[in-house]
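Here is the structure we will look at.
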Amino acid sequence: MLPIDAAAHASRWRRRHPVDKAVLGLGLTVLAISLPPWPGAALVLVAALTVLLGPAGVPGRRLWRAYRVPLGFCVTGALPLLVQVGGPDGFLSAADGGAARAGGLLLRTSAASLGVLLFAFTTPMSDLLPRLVRAGVPAPVVDVALVTYRMSFLLLDSVRRVREAQAARLGHTSRAAAWRSLGGLGATAFVRAFDRAARLQSGLAGRGYDGTLRVLVPEARVSLPFTAASLALLAGLTGLTLVLEGPLS
């Protein structure tokens, strides 16, 4: 199981309905994209961090491990705005207003990423996917997503076991050995993927599969107080941005 999925299963909000958490997490993401970068996205970033580390109870180290990957993409996307190619100052020069644009983009994307992580860290996929059918998503699409989700963990576990076996047999002692081990790892994972898919198909056929995977979903109801508090937070962030936008700009 991936660390972020394990954290979602152990979250304080594990038993809350996904709609509750979607209003808060995805609402923060929408605000980060739509509000001005300063102070709007900055306020959203602080609010998302506060909720993640506070009420949601996400461990800071685990949050950083998950956040550093999208943050790296955010930084990489903002850096090109600092320079311009061509022009009177030479082939490569500093862009006019590039720092402001890069900072604004970095604030927007990093805050939006935290909003998505808030939803991911509190909502297991096994709770979300079966409920998508009730929301109007075709059942075959949800079934494919469920099977892919399950198979991904099985393949990751297989890859981990093969790598451990290769390391125990000194398969990573040199560059040439590492490349041979990598090729063997890819071939083994490919074969095991087809083998597990065939076994899964046989198991479903033996259980009378009729085109729909039926799974038990934990009972949960949309909490009106929680949703109202989330909407109040979103409205408060929007109002505070509008109030501070003039003086700060």
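Keep in mind it's a predicted model, so treat the numbers as computed, not measured.
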Kindly work out whether a path of hydrophobic side-chain contacts (I/L/V/M/F/W/Y, heavy atoms less than 4.5 Å apart) joins Leu244 to Leu31. yes
Between Ala32 and Ala111, which heavy-atom pair has the shortest distance, and what is it? CB-CB, 3.7 Å
Is there a side-chain contact between Thr227 and Val19 (heavy atoms, below 4.5 Å)? no
Same apolar cluster: Val222 and Leu231, side chain cutoff 4.5 Å: yes
Would the distance check show the side chain of Asp20 and the main-chain N or O of Ser223 forming a donor-acceptor pair, the cut-off being under 3.5 Å? yes
Quick check: is Ile33 connected to Leu26 through a chain of hydrophobic side chains (ILVMFWY, heavy atoms under 4.5 Å apart)? no
Sequence neighbours excluded, which residues qualify as side-chain contact (heavy atoms from CB on, under 4.5 Å) partners of Leu155? Ala193
Non-neighbouring partners of Ser11 that pass side-chain hydrogen bond (donor to acceptor under 3.5 Å, both in side chains), sequence neighbours left out: none
Tell me every residue that passes side-chain contact (heavy atoms from CB on, under 4.5 Å) with Ala176, counting only those two or more places apart in sequence or in another chain. Ser174, Arg180
Restricting to non-hydrogen atoms, name the atom on Ala8 and the atom on Arg14 that form the minimum distance, rounded to 0.1 Å. O-CD, 3.5 Å
Using the test side-chain contact (heavy atoms from CB on, under 4.5 Å), find all partners of Arg192 that sit at least two apart in sequence or belong to another chain. Ser158, Val162, Thr188
Could you go through residues 48-71 and list every donor-acceptor pair under 3.5 Å that involves a side-chain atom there, pairing it with any protein atom two or more places apart or in another chain?
{"from": "Thr50", "atom 1": "OG1", "to": "Val46", "atom 2": "O", "distance (Å)": "2.7"}
{"from": "Tyr67", "atom 1": "OH", "to": "Ser110", "atom 2": "O", "distance (Å)": "3.1"}

Treating Ile, Leu, Val, Met, Phe, Trp and Tyr as nodes and any side-chain heavy-atom pair under 4.5 angstrom as an edge, say whether Leu118 and Leu233 lie in one connected cluster. yes
Of all heavy-atom pairs between Pro37 and Leu107, which one has the smallest distance, and what is that distance? O-CD1, 3.5 Å
Hey, does Leu234 have a side-chain heavy atom less than 4.5 Å from the side chain of Leu28? yes
Identify the two heavy atoms, one from Ala99 and one from Leu82, that lie closest to each other, and give their separation to 0.1 Å. CA-CD2, 3.6 Å
Find out if a path of hydrophobic residues (ILVMFWY) with successive side-chain heavy-atom gaps under 4.5 Å connects Leu45 to Leu240. yes
Closest approach of Thr122 to Lys21 (non-hydrogen atoms, all atoms of both residues): O-NZ, 2.8 Å
Each residue besides Leu105 in its hydrophobic cluster should be listed here, by chain and number; the cluster joins Ile, Leu, Val, Met, Phe, Trp and Tyr at side-chain heavy-atom distances under 4.5 Å. Leu81
Say you draw a straight line from CG of Leu24 to OG1 of Thr29; how long is it, rounded to the nearest 0.5 Å? 9.5 Å
Qualifying residues under salt bridge (Lys or Arg N to Asp or Glu O under 4.0 Å), relative to Arg161, sequence neighbours excluded: Asp157
Is there any ring-ring contact (aromatic ring centres under 6.0 Å, His included) pair reaching into residues 13-37, and which pairs are they, with sequence neighbours excluded? Trp13-Phe226
Residues, nucleotides or ligands: over 12 heavy atoms within 6.0 Å of Arg163 CZ: no
With Phe73 via ring pair (Phe, Tyr, Trp, His ring centres under 6.0 Å) - residues at least two apart: none
Using the test side-chain contact (heavy atoms from CB on, under 4.5 Å), find all partners of Ala47 that sit at least two apart in sequence or belong to another chain. Leu237
